**Student:** 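Quick one: the structure is below, questions incoming.
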Amino acid sequence: MPNSTESLREHLPVHIFDDAILMATKVAHHIGSLIKERTSKGKFTVLGLPTGTTPLDVYKELIRMHQEENLDFSKVITFDLAEYYPIEPDRLQSYYRFLRENLLNHINVPKDQTYGLPGNLPSSEVDSWCQSYEEKIQEFGGLDLVLLRIGRSGHIAFNEPGSSRSDRTRKVILDSITRKDASAQFYGDDHVPRQGLTVGVGTILDSREIVLIATGEGKARIIRRAVEDPITEEVTASYLREHPKSSVFLDRAAAGSLTRELTPWLVYDVEWTLEMAKRAIIWLSESVGKAILQLEKADFYNHRLYSLVYAFPDIDELCLRVFDDLRCRIYYQNQLPSKERVILFSPHPDDDVISMGGMLDKLVRNDNEMIVAYMTNGSVAVFDTDVSRNLAFIEMCLNELGITGEAVETFRSRKEELLTFLENKAHGEVDLPAVQHIKSAIRYSEAIAGIEVMGLDQSHARFIDLPFYQTGRIKKKPVGQDDAKIIVELMNEQNPDHIFVAGDLSDPHGTHRICYVAIQMALEQYNREHNGKGPKVWLYRGAWQEWEIHQADVFTPISRTEMARKIEAIFKHESQKDQAMFPGAYDDREFWQRAQDRNTGTAEALNRLGLPEFYAAEAFVTGYSL
């Protein structure tokens, strides 16, 4: 159920759900109810619709409601909110195509009632066309409901920072953050259009209702700015406060920076469980710059934690309990699994060493029976130039490999065929199957080289290549039983005592999350078949963030030598070195730098709390219910 408790610091109604699916279902049903109500009165429902991964589950539920519950869209009119410019409407990255593939083609809304923003208009016609788009919206009496997502720059639609509350449909220059976020879809920053078409803030504020949705930790900070900080043109989503019927729907990860989620004791009375007290004491220690065991009652009073002092009879004893709790979560090598069966599930062929290379190193040295299962081939993250370079290398080695005569000519003919395809390939075009296989082989060979640094070899690697990933595109298929079956077969083969799983749960459409869902499905079946005697689950996190101190169940220290070995293993992933295809927004550091900074940062945070000082540390959550 959503948490709709409002904070005095929030200037919009905010509804928080435990996961993104629940949030999307609630929003879809709200839209469905509006359609039903207006249709019953013989009225049209005029919707403004966004694109992107955030609304996908809303659209899936609307489609389900149409197909299974006969939700009627015949009296619905839709307006796209944004589009890249210039772009052809049939391009994979086109918002026009996205909305039709993911919603409009699957419901019974008449085509002549769907309006898009054509990204292929001649420049001379854009202004007049934007004016006619505004007039068409007004012709239907304005927008009844606008569904919005928020960009990392705080934009709504393509109303970038600097947009005014009176702006209308127009052509805009895209913010660098927006283009960075889109780089994965376009296979590189350089291929993202520099302009866009967008419905204006003024048009959105004229609508009768606005619903903004956001998921994932990546949106948490900008949501706080939009909801709690002053209204500013630098965060155009903050203008929504001026609308009489606007609301925000979030999963818990996207709400994570709101005051009521981050430090709830500052905005309302909380129930002081030991876990909540632990959170507050860690926060207080970090706020005042004192170790936990150096905190005094005055520190609590000065930071509005009176109720915590009153809830526990001895604040010194409470601090000692929290300190001991954290201290006991530090696992040295002799406390980690030893001589047991372990499967490390790695969503991509480098997450194992990037995310938990220190733990992997220790598990190997503890003589565990290790299998590293690479769940996807990672082929879409390999540059075409890596294929060309590897083909050239193979050609140079043909003679030494004993490949001569007709086989050489066959290779060269095939090589030229593939190189011709690569030279003429449009940006974002799906690779030929042969090119996909070569890119997969590049990632696989790098993965093997990486675990060899840790003392493993090819026999310890399983490239299970789940079906959901095999599209050759950024967009993947839904995860299903075919994916789970492969995982179950591996687990039946290995009968593991422990499994390590990527725990990046906040993005419902990211590969890590999809892999997590596949493992969840597999574990349910595996546990049934083994009378509930499944493996212990350890969750690690990816290259983007670490578990918060209060969340982690285990911290494993990493020495300077172990960190050097971890970085060496990351270096073996040469196709992701120096410049990765998908480095992520905001962060120009290489993956090895992010891993080192994150791990040393965790150790420094523990040290500031007064815990033992380490060079670096990795964090894990255990006993998690999949």
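Numbers here simply count residues along the sequence, with the first being 1. Small disclaimer: the values here were computed from a predicted structure and weren't measured. What you see below is based on every heavy atom in this structure, not just the backbone, and it leaves out hydrogens, waters and symmetry mates.
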**Student:** Could you measure the distance from the CZ atom of R329 to the CZ atom of F620? Nearest 0.5 Å is fine.
**Tutor:** 14.5 Å

**Student:** Report yes if the side chains of I514 and T376 come closer than 4.5 Å at any heavy-atom pair, otherwise no.
**Tutor:** no

**Student:** Going from OG on S445 to CD on Q458, what distance comes out if it is rounded to the nearest 0.5 angstrom?
**Tutor:** 10.0 Å

**Student:** With no hydrogens and no angle check, is any side-chain donor or acceptor of N368 less than 3.5 Å from a backbone partner on M370?
**Tutor:** no

**Student:** When you look at F468 and V517, which way does the side chain to side chain contact (heavy atoms under 4.5 Å, CB included) test go after all the steps?
**Tutor:** CA-CA 11 Å; F468 83 86; V517 172; over 6 Å; no

**Student:** Using 4.0 Å as the upper bound for N to carboxylate O, is an ion pair formed by E217 and R541?
**Tutor:** yes

**Student:** Tell me whether K577 is salt-bridged to E590, with the criterion being a basic N under 4.0 Å from an acidic carboxylate O.
**Tutor:** yes

**Student:** Please determine whether side chain to side chain contact (heavy atoms under 4.5 Å, CB included) holds for the pair L360 and F500, giving the CA-CA distance in whole Å, both sets of side-chain angles, and the decisive distance to 0.1 Å.
**Tutor:** CA-CA 10 Å; L360 176 58; F500 287 78; over 6 Å; no

**Student:** Taking R565 for the side chain and V453 for the main chain, is one N or O donor matched with an acceptor at less than 3.5 Å?
**Tutor:** no

**Student:** Given side chain to side chain contact (heavy atoms under 4.5 Å, CB included), test L274 with L318 step by step and report yes or no.
**Tutor:** CA-CA 9 Å; L274 187 59; L318 176 62; 3.8 Å; yes

**Student:** For K278, check side chain to side chain donor-acceptor pair (under 3.5 Å) against everything at least two apart and list the hits.
**Tutor:** D325

**Student:** I want to check something: taking the side chain as every heavy atom from C-beta on, are L490 and P496 in contact at a cut-off of under 4.5 Å?
**Tutor:** no

**Student:** About how many Å separate CG of L611 and CD1 of I330, when rounded to the nearest 0.5 Å?
**Tutor:** 5.0 Å

**Student:** Would you confirm whether E446, through its side chain, and S575, through its main-chain N or O, come within 3.5 Å as a donor-acceptor pair?
**Tutor:** yes

**Student:** Take a 6.0 Å sphere around OH of Y332 and say whether it holds more than 12 heavy atoms from other residues, nucleotides or ligands.
**Tutor:** yes

**Student:** Can a donor-acceptor pair be found, under 3.5 Å and without considering hydrogens, that links the side chain of N607 to the backbone of E613?
**Tutor:** no

**Student:** Assess the pair F345 and Y516: is the distance between their ring centroids shorter than 6.0 Å?
**Tutor:** no

**Student:** Considering all heavy atoms of both residues, which atom of Y331 and which atom of P557 are nearest to each other, and what is their separation?
**Tutor:** O-CD, 3.2 Å

**Student:** Is Y540 close to L344 at the side-chain level, that is, under 4.5 Å between some pair of heavy atoms?
**Tutor:** yes

**Student:** Does the D553 side chain pair with the main chain of T622, one donor and one acceptor, at a distance under 3.5 Å?
**Tutor:** yes

**Student:** Could you please spell out the steps behind the side chain to side chain contact (heavy atoms under 4.5 Å, CB included) verdict for I173 and E160?
**Tutor:** CA-CA 8 Å; I173 302 295; E160 300 286 15; over 6 Å; no

**Student:** Mind checking whether H460 and V364 have side chains closer than 4.5 Å, heavy atoms only?
**Tutor:** no

**Student:** Rounded to the nearest 0.5 Å, how far apart are CD1 of I451 and CG of D457?
**Tutor:** 7.0 Å

**Student:** Is there a donor-acceptor pair closer than 3.5 Å between any side-chain N or O of S238 and the backbone N or O of T232?
**Tutor:** yes

**Student:** Once you round to the nearest 0.5 Å, how far does OG of S440 lie from OH of Y469?
**Tutor:** 8.0 Å

**Student:** Taking NZ, NE, NH1 and NH2 as the nitrogens, is one of them in D324 or R327 under 4.0 Å from a carboxylate oxygen of the other?
**Tutor:** yes

**Student:** Checking T600 side chain against A616 main chain: does a donor-acceptor pair fall under 3.5 Å?
**Tutor:** no

**Student:** Would R389 and D386 pass as an ion pair if we require N to O under 4.0 Å?
**Tutor:** yes

**Student:** Return the minimal non-hydrogen interatomic distance between I486 and I464, and the atom names on each side.
**Tutor:** CG2-CB, 3.7 Å

**Student:** Quick one: do K536 and E340 make a salt bridge, cutoff under 4.0 Å?
**Tutor:** no

**Student:** Students often mix this up, so state it plainly: with edges at 30° and 60°, are the rings of H512 and H348 parallel, tilted or perpendicular?
**Tutor:** tilted

**Student:** Do the side chains of K362 and E618 get close enough for a salt bridge, i.e. N-O under 4.0 angstrom?
**Tutor:** no

**Student:** For the residue pair A381 and R443, what are the closest heavy atoms and their distance?
**Tutor:** CB-NH1, 3.6 Å

**Student:** Determine yes or no for a side-chain-to-main-chain donor-acceptor pair under 3.5 angstrom, with S285 supplying the side chain and K290 the backbone.
**Tutor:** yes

**Student:** Identify the heavy atoms of F300 and E296 that sit nearest to each other, and give their distance.
**Tutor:** CD1-O, 3.1 Å

**Student:** Looking just at side-chain N and O atoms, do H155 and T178 make a donor-acceptor pair shorter than 3.5 Å?
**Tutor:** yes

**Student:** Assess whether atom CZ of R194 is packed by more than 12 heavy atoms of other residues, nucleotides or ligands within 6.0 Å.
**Tutor:** no

**Student:** If you define the side chain from C-beta out and look only at heavy atoms, does anything of N302 sit under 4.5 Å from V288?
**Tutor:** no

**Student:** So, the side chain of R304 versus the backbone of L266: is there a donor-acceptor pair under 3.5 Å, distance only?
**Tutor:** yes

**Student:** Using 4.0 Å as the upper bound for N to carboxylate O, is an ion pair formed by E228 and R9?
**Tutor:** no

**Student:** Provide the closest heavy-atom pair for A447 versus P349 in the form atom of the first, atom of the second, distance.
**Tutor:** CB-O, 3.5 Å

**Student:** Is there a side-chain contact between D175 and F158, using heavy atoms and a 4.5 Å cut-off?
**Tutor:** no

**Student:** Would you say V14 and I223 make side-chain contact, with heavy atoms under 4.5 Å?
**Tutor:** no

**Student:** Sequence neighbours left out, what passes side chain to side chain contact (heavy atoms under 4.5 Å, CB included) with R279? Give chain and number order.
**Tutor:** P264, W265, M276, H550

**Student:** Hey, what do you get for CD1 (I354) to CZ (F591), rounding to the nearest 0.5 Å?
**Tutor:** 5.5 Å

**Student:** Ignoring hydrogens, what is the shortest heavy-atom contact between I21 and D19? Give both atom names and the distance.
**Tutor:** N-OD1, 3.0 Å

**Student:** When you look at E493 and R462, which way does the salt bridge (charged side-chain N to carboxylate O under 4.0 Å, His left out) test go after all the steps?
**Tutor:** CA-CA 12 Å; E493 172 195 321; R462 294 286 191 280; 2.9 Å; yes

**Student:** Closer than 3.5 angstrom, by distance alone: can the side chain of K439 be matched with the main-chain N or O of V382 as a donor-acceptor pair?
**Tutor:** yes

**Student:** Regarding D352 and Y374, is there a side-chain donor-to-acceptor distance under 3.5 Å anywhere?
**Tutor:** yes

**Student:** Taking the side chain as C-beta and beyond, is there a heavy-atom pair between L609 and I282 under 4.5 Å?
**Tutor:** yes

